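Structure first, commentary second.
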Amino acid sequence: MVKYYETSAADVRIRTAEPEDAPLILELIRGLAVYEKMQDEVYVTEDLLRENLFEKKQAEVLIAEYRGKAIGYALFFPTFSTFLGTANLYLEDIFVMPEARGLGAGKALLACFAKIAVERKAGKAEWTVLNWNEPSIRFYTQMGARLLEEWSLCRMDRKALSGLAEKL
């Protein structure tokens with residue numbers, strides 16, 4: 001069942017995504033990939049989105065709408081902090097279509113994400129931002145986030161994971 005969140009931004013509403021939103025979510029993911037200059041790294045399909053988001057419930061998606069038209073999304077999933085002893089939320093993506101920026105949808109998506117984190121008693125929420133993405137860095141810090149410069153992101157792709165797993 002779709003849940004709507006009213007926002008302080010004029011004519012902007014946030015709603016939870018449903019399985020029939022898979023094509024829309026894929027379109028928004030591709031928009032984010034273009035913005036981040038990573039189009040060649042998008043392998044997800046509508047079927048994978050339906051399976052992993054709505055059947056396996058591995059992540060959740062919020063859709064930002066302006067006057068009923070989808071203009072952005074946020075995708076997040078739970079994590080756990082051993083130091084806090086709490087479940088937390090990780091924001092994998094937040095994106096507003098370039099032509100819709102300035103309407104307040106990004107702030108509404110981030111505020112809705114924060115509301116969900118508070119409702120779920122999350123100890124913290126985290127996400128990453130590309131170092132070159134100065135507009136997003138400014139936006140996040142204006143919203144109250146702080147950059148953790150003492151931490152570095154580590155990543156293993158499928159090839160590296162397979163190689164390491166073979167050493168077991």
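Because the structure is a prediction, the values reported are computed rather than measured. Just so you know, residue 1 is the first one in the sequence shown, and it goes up from there.
- Looking at Thr79 and Glu126, their side chains never come closer than 4.5 Å, going by heavy atoms from C-beta outward.
- Hydrophobic clustering (side-chain heavy atoms under 4.5 Å, transitive across Ile, Leu, Val, Met, Phe, Trp, Tyr) groups Ile137 together with Met143.
- The residues Glu55 and Arg50 are annotated as not salt-bridged, no charged nitrogen and carboxylate oxygen being separated by less than 4.0 angstrom.
- At a threshold of 4.5 Å between non-hydrogen side-chain atoms, the residues Arg13 and Glu6 count as touching.
- Under the ring-ring contact (aromatic ring centres under 6.0 Å, His included) criterion, Tyr140 pairs with Trp127, sequence neighbours left out.
- Within the 4.5 Å cutoff, the side chain of Ser162 has no heavy atoms near those of the Met156 side chain.
- For the ring-ring contact (aromatic ring centres under 6.0 Å, His included) test, residues two or more places apart in sequence or in another chain that qualify with Phe113 are Phe76.
- With a 4.5 Å cut-off on side-chain heavy atoms, Glu36 and Phe95 do not count as touching.
- Side-chain contact check for Leu103 versus Val96: every heavy-atom pair is 4.5 Å or farther apart.
- Rounding to the nearest 0.5 angstrom, the gap separating the NZ atom in Lys115 from the OG1 atom in Thr7 is 12.5 Å.
- Taken to the nearest 0.5 Å, the CZ atom of Phe54 stands 4.0 Å off from the CD1 atom of Ile25.
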Val2 and Tyr4: side chain to side chain contact (heavy atoms under 4.5 Å, CB included), yes or no, with the steps?
CA-CA 7 Å; Val2 176; Tyr4 285 91; 3.4 Å; yes
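- Using a 4.5 Å heavy-atom threshold, the side chains of Ile14 and Ile63 count as separate.
- Atom CG of Leu24 is separated from atom CD of Glu46 by 10.0 Å, given to the nearest 0.5 angstrom.
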Going through the checks in order, is the side chain to side chain contact (heavy atoms under 4.5 Å, CB included) test met by Leu28 and Val61?
CA-CA 11 Å; Leu28 291 166; Val61 176; over 6 Å; no
Chi angles and distances behind the side chain to side chain contact (heavy atoms under 4.5 Å, CB included) call for Asp157, Glu41
CA-CA 12 Å; Asp157 61 17; Glu41 296 185 38; over 6 Å; no
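- With respect to the salt-bridge test (charged N to carboxylate O, under 4.0 angstrom), the residues Lys3 and Glu60 do not qualify.
- With rounding to the nearest 0.5 angstrom, the CG atom of Leu84 is 15.5 Å from the NZ atom of Lys121.
- Judged by the 6.0 Å and 45° rule, Arg158 forms no cation-pi pair with Tyr43.
- In the hydrophobic clustering of ILVMFWY residues, with side-chain heavy atoms under 4.5 Å counting as a link, Leu26 and Leu109 come out apart.
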